[in-house]
Amino acid sequence: MLRLLLYPVAVLFLAVSSLDGQVLSRLLGYFPEDFFRGHGMSPPAISPDGDTVAFFVSSRDRNQIRLFHVGEKRETVLHSTASADQSFHSAAWAGQSRLVYQDQRGNWYSIQTPNGNPTQIFSSRGHYIGWGLIAIGDFWSAQLFSRLLNDDEHVLLQTEDRRGRAQVVRVNLKDGSETVIQRPHGSIDEWIPTLSGDVIAGTRYLRDRIEFRYRSPGTRRWQNLDRFVPERRHSFSYSGRSLPTRRFQFLTFAEDNHSLYYASDTRTDTRAIYRMDIRTGEQSQIAYDPDYDLFSDHNPGQGPLFSAKGNRLVGIHYHREKPHTHWLDPAFEEVQQRVDQLNPNSINRILDFDNSENHFVVASISSRSKGSYFLYDKNADSIVEFGVVDERLDPELLGLMQPVSFEGRHGHQIPSYLTMPKGVSTEDTASVPLVVLVHGGPWVRDIYGYHPEVQLLAYKGYAVLQVNFRGSTGYGFEHFDAIRQRYGSVAVEDIEDAMDAALIQFPQLNSEAVAVMGASYGAYAGMNLLLSRPDRYKAGILIMGLYDIEKQARYLREIDRHYSSGYWDEMVGSVWDSDALRSISPLHRVSELQSPILVIHGEEDDIVPVEQSRQLVRKLNDADKPNQSYLMRSEGHGIESEQEIIAVYSRVLDFLETQFRE
């Protein structure tokens with residue numbers, strides 16, 4: 001009997017195995033791994049002469065460095081790993097025919113093109129470092145500092161000595177030999193290079209102040225360029241409110257090596273870009289958007305874009321409701337306009353270009369695709385697609401993310417995104433269940449683009465609402481700062497207001513079938529949402545969340561006494577005010593819950609300890625509240641393993657299906 005059952009399955013497999021991925025998906029449907037799997041392609045980099053584009057391709061069994069030969073319009077494999085355990089990132093051209101790149105362990109390699117074998121030029125001496133909640137986690141101790149545009153045989157890496165102090169080394173690309181060119185200086189934690197690779201500035205972190213140090217080229221005498229001193233001793237803030245006239249973040253040196261570009265919201269609510277002459281102190285505004293920060297911490301795909309030879313600032317990538325570039329160079333703006341005409345059905349972002357500024361690598365961005373890459377030839381006025389991140393996913397089967405904005409109860413705007421399942425029409429009423437997906441941080445924001453969890457949920461029939469509540473970055477200081485001392489309430493207010501407005505504006509949404517889902521701070525806010533209107537939500541999914549704020553604040557003070565405690569004092573409340581912290585801890589209100597909850601956490605989490613979720617589950621069980629839990633043995637504050645990602649989202653789908661079916 002078993003043989004009879006397997007035979008038609010085998011015939012079906014043979015019949016469809018020859019079909020391409022999109023046709024196959026129409027027959028068999030998509031599974032969670034199709035949305036999250038590591039198959040993909042890294043952002044490409046073009047050689048200085050414009051002849052070759054290099055990029056990484058990952059698959060289940062191995063990872064490869066591939067080359068696209070521009071003139072021949074063909075692709076070759078430069079290097080292939082023996083397994084998928086080794087992955088690559090941070091690729092850059094060092095000269096006309098050599099690539100440097102970093103693996104997932106922080107080791108650096110050099111490889112000659114078009115035919116060469118990798119040479120390890122730097123062995124990571126990574127260790128655990130952190131700066132409170134601002135940058136806590138595992139960070140490797142080597143970063144590409146400068147490619148040395150006039151030197152094809154060396155690069156500069158910023159690394160650390162054995163005491164963990166920042167230094168800069170020159171590394172030979174052929175044999176990996178190192179020369180220290182900038183030894184540690186005081187407590188400088190991060191060096192700032194000029195475009196030519198000179199080390200003349202750095203950021204110094206001390207117990208009671210932050211200093212920006214500078215020395216004139218050719219001299220050894222260091223002087224203070226600027227100094228941050230908090231209002232209260234040992235109380236640095238993440239937002240910089242305690243430094244109201246001096247909030248700025250250095251980006252890079254300008255081409256003259258004595259002027260700096262920096263982002264600031266000192267004079268405007270949103271972060272503008274300025275240029276400052278260090279010698280004279282003269283400052284000028286370069287670019288400004290009244291509604292969006294031109295540079296915002298923790299948002300990917302943003303920052304200044306320099307000409308190929310590094311001699312001028314040509315544009316600034318940042319996020320509006322969709323990815324946007326503010327062009328400072330008219331020639332580049334003309335290229336952008338022409339690319340948009342040739343490829344009108346997607347958002348096109350120029351990533352890289354050759355020294356002649358004739359060949360441009362362009363990323364095609366969409367919410368329904370993992371993306372693709374084009375090469376635009378300015379002289380020929382043509383584009384050629386040379387890379388698709390994942391061809392299996394058919395965009396026509398996925399949901400379309402649309403930017404929406406709602407008015408909050410205080411008259412402020414709440415920028416959001418709504419993704420509807422494919423095939424939902426305006427005539428449908430109260431038919432689509434809604435998942436409110438709350439971002440973490442809260443000092444980040446949701447951005448437009450492909451999000452695997454959003455598309456998975458939409459593919460399974462759920463609408464997804466993402467709200468950039470007050471406290472999110474990217475929309476100016478006032479929007480961010482509104483969460484101060486209202487850590488548990490502002491996000492809930494904005495999400496509820498956005499959700500109520502969405503249910504009215506989009507009658508396709510079913511107000512009787514709403515779930516909330518979030519990770520980290522998103523789980524904390526999600527728990528508060530479940531408590532604010534217990535009869536509104538059918539289910540809650542809480543991932544790596546914090547629920548006992550008092551315990552979390554004490555934990556952060558133990559691992560980082562200066563910065564994290566300053567953050568909590570300023571943004572949340574004093575770590576010693578037990579009553580205040582207890583009042584915003586949802587753990588103590590479990591008895592008010594009415595919705596079933598799925599609790600997920602990594603046992604190796606060193607930012608929000610797993611005990612937060614264990615304690616929540618115990619409280620739920622004691623109160624006889626329906627819940628499920630899943631603890632990931634080897635995961636931290638984030639899910640790295642593809643196998644675990646698939647397991648988690650399979651549980652999420654099963655949980656949602658069960659709750660909405662009942």
*So, the side chain of Asp293 versus the backbone of Arg271: is there a donor-acceptor pair under 3.5 Å, distance only?*
yes
_With side-chain contact (heavy atoms from CB on, under 4.5 Å) as the criterion, how do Asn343 and Ser364 come out once you've worked through the C-alpha distance, each side chain's angles and the decisive distance to 0.1 Å?_
CA-CA 8 Å; Asn343 190 38; Ser364 178; 3.7 Å; yes
*Measure from the side-chain N and O atoms of Thr270 to the backbone N and O of Asp289, and report whether any donor-acceptor pair falls under 3.5 Å.*
yes
*Output yes when a side-chain donor or acceptor of Tyr417 lies under 3.5 Å from a complementary backbone atom of Asn468, and no otherwise.*
no
*Are the side chain of Ser583 and the backbone of Ala580 linked by a donor-acceptor contact shorter than 3.5 Å?*
yes
_Any salt bridge linking Lys625 with Glu592? Criterion: basic side-chain nitrogen under 4.0 Å from a carboxylate oxygen._
no
*Any salt bridge between Arg409 and Glu496, counting N to O under 4.0 Å?*
yes
*Please tell me if the side chains of Ile541 and Leu656 come closer than 4.5 Å, counting only heavy atoms from C-beta onward.*
yes
*Per the salt bridge (charged side-chain N to carboxylate O under 4.0 Å, His left out) rule, which among Asp390, Asp34, Asp394 passes with Lys370?*
Asp390
*Do Val467 and Met499 touch side chain to side chain, with heavy atoms closer than 4.5 Å?*
no
*asked:* Using every non-hydrogen atom in the two residues, find where Glu635 and Glu640 come nearest and quote the distance to one decimal.
replied: OE1-N, 2.8 Å
*What about Tyr649 and Phe35, are their ring centers closer than 6.0 Å?*
no
*Note, Leu509 side chain near Leu465 side chain (heavy atom, < 4.5 Å)*: no
_I'd like to check Leu437 versus Gln466 (side-chain heavy atoms, cut-off strictly below 4.5 Å). Are they in contact?_
yes
*Identify the two heavy atoms, one from Tyr450 and one from Leu398, that lie closest to each other, and give their separation to 0.1 Å.*
CE1-CD1, 4.5 Å
*Where is the tightest heavy-atom contact between Asp605 and Met544, given as atom of each residue plus distance?*
OD2-CB, 4.0 Å
_Heavy-atom pair with the smallest gap, counting every atom of Leu531 and Pro586_ = CD1-CB, 3.6 Å
*Do you know which two heavy atoms are closest between Gln612 and Asp548, and how far apart they sit?*
OE1-N, 2.9 Å
*Could you give me the CA-CA distance, side-chain angles and deciding distance for Asp494 and His412, then say whether side chain to side chain donor-acceptor pair (under 3.5 Å) is met?*
CA-CA 9 Å; Asp494 283 359; His412 61 286; 2.9 Å; yes
*What pair of heavy atoms forms the shortest contact from Ile414 to Ser416, and how long is it?*
O-OG, 3.2 Å
_Check: Ser595 main-chain N/O paired with Tyr537 side-chain donor or acceptor under 3.5 Å_ = no
_Under 3.5 Å donor-acceptor, Ser585 side chain and Leu587 backbone_ = no
*Would you say Gln455's side chain and Ser369's backbone share a donor-acceptor pair under 3.5 angstrom?*
no
*Determine, for Arg536 against Asp500, whether the closest basic-nitrogen to carboxylate-oxygen distance falls under 4.0 angstrom.*
yes
Return a table of donor-acceptor pairs under 3.5 angstrom between the side chains of residues 517-529 and protein atoms on other chains or two or more places apart.
{"residue": "Ser520", "atom": "OG", "partner": "His637", "partner atom": "NE2", "Å": "2.8"}
{"residue": "Tyr521", "atom": "OH", "partner": "Tyr487", "partner atom": "O", "Å": "2.8"}
{"residue": "Tyr524", "atom": "OH", "partner": "Ile584", "partner atom": "O", "Å": "2.7"}
{"residue": "Asn528", "atom": "ND2", "partner": "Tyr524", "partner atom": "O", "Å": "3.4"}

*Is Phe506 close to Met420 at the side-chain level, that is, under 4.5 Å between some pair of heavy atoms?*
yes
*asked:* Within the structure provided, determine whether Tyr448 and Glu321 are in side-chain contact (heavy-atom separation under 4.5 Å).
replied: no
*asked:* Would you say that Asp497 contacts Phe406 through its side chain, given a criterion of any heavy-atom pair below 4.5 Å between the two side chains?
replied: no
